[in-house]
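First the structure, in the form of C-alpha cells, and then the observations on it.
Residue indices begin at 1 and follow the sequence shown. The basis for the numbers below is simple: all heavy atoms, side chains too, and nothing from hydrogens, waters or symmetry mates.
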Amino acid sequence: MLKKADKTHPPSPRHTDANSTNCLLNSLANYFHEKQYGYNPYIQDASQLIRKGMISREAALNKMKNGYCLEMVSANAEKLGVIELL
C-alpha cells in the first residue's frame with residue numbers, strides 16, 4: 001500500500017550514492033567541478049558548518065576529499081556517453 005507523500009517532507013530519492021541526497025549525477029557533477037575548478041562545489045557549505053561549530057575542519061576536509069564515488073562517476077559517465085572526459 002502506498003502512503004500519501006507529505007508535501008513538507010518529500011521522500012528521499014531511492015537512486016542516490018553515499019554522498020548525495022538528490023541524484024546519481026551528483027558524483028559526476030562533483031568530479032567534473034573539481035577537475036575544472038580544482039575544488040569541491042560544497043566547500044562553501046562545509047566552511048559555514050565549520051564556522052558554526054557543527055563540524056570539525058578535519059571532518060570537513062575529509063568529506064571534501066571524498067566528495068564523489070569514483071565507481072558512480074564512471075558508471076554515470078558511461079551511461080551518458082562521456083566516459084572519455086574522465
Side-chain angles (χ1 to χ4, degrees):
M1 180 175 179
L2 294 174
K3 291 183 180 180
K4 200 172 194 179
D6 179 350
K7 290 181 184 179
T8 59
H9 297 92
S12 297
R14 285 182 248 158
H15 302 293
T16 61
D17 63 28
N19 291 311
S20 174
T21 59
N22 55 7
C23 72
L24 291 172
L25 293 177
N26 203 45
S27 286
L28 186 62
N30 287 349
Y31 173 84
F32 282 124
H33 193 280
E34 279 192 32
K35 186 175 178 181
Q36 184 170 355
Y37 299 109
Y39 63 91
N40 186 299
Y42 292 108
I43 197 72
Q44 184 176 358
D45 296 335
S47 296
Q48 291 296 323
L49 293 174
I50 293 167
R51 288 185 190 106
K52 291 179 179 180
M54 298 172 73
I55 189 172
S56 70
R57 182 176 187 274
E58 292 75 23
L61 288 172
N62 187 46
K63 186 73 170 166
M64 293 301 104
K65 286 184 210 172
N66 301 306
Y68 50 83
C69 170
L70 286 177
E71 291 173 5
M72 194 67 65
V73 167
S74 294
N76 286 320
E78 188 171 350
K79 286 178 188 175
L80 292 172
V82 295
I83 194 80
E84 69 279 357
L85 298 177
L86 298 181

For this session: Please answer whether the main-chain N or O of Ala46 pairs with a side-chain N or O of Lys63 as donor and acceptor at a distance below 3.5 Å.
Result: no
Problem set entry | Note, Tyr42 side chain near Asn26 side chain (heavy atom, < 4.5 Å) | yes
Exercise. Around Glu78, counting heavy atoms of other residues, nucleotides and ligands shown, do more than 12 lie under 6.0 Å from its CD?
Worked result: no
Exercise. Would you say Lys35 has more than 12 foreign heavy atoms packed within less than 6.0 Å of its NZ?
Worked result: yes
Seminar exercise, completed: To the nearest 0.5 Å, atom OG of Ser47 lies from atom CZ of Arg57 at 9.5 Å
Exercise. In terms of hydrophobic clusters joined by side-chain contacts under 4.5 Å, are Leu61 and Tyr39 together?
Worked result: no
Problem set entry | Set of ring-ring contact (aromatic ring centres under 6.0 Å, His included) partners for Phe32, sequence neighbours left out | none
Exercise. Rounded to the nearest 0.5 Å, what separation is found between the NE2 atom of His33 and the CD1 atom of Ile43?
Worked result: 11.0 Å
Problem set entry | Approximate separation, where rounding is to 0.5 Å, of Leu28 CG and Leu86 CG | 7.0 Å
Exercise. Can you name the closest pair of heavy atoms from Ser74 and Ile83 and give their distance?
Worked result: O-CD1, 3.5 Å
Exercise. About how many Å separate CE of Met72 and CG of Asn30, when rounded to the nearest 0.5 Å?
Worked result: 12.5 Å
Exercise. Which atoms form the tightest heavy-atom contact between Ser56 and Ala59, and what is the distance?
Worked result: OG-N, 3.0 Å
Problem set entry | Cluster link Met64 to Ile55, ILVMFWY, side chain under 4.5 Å | no
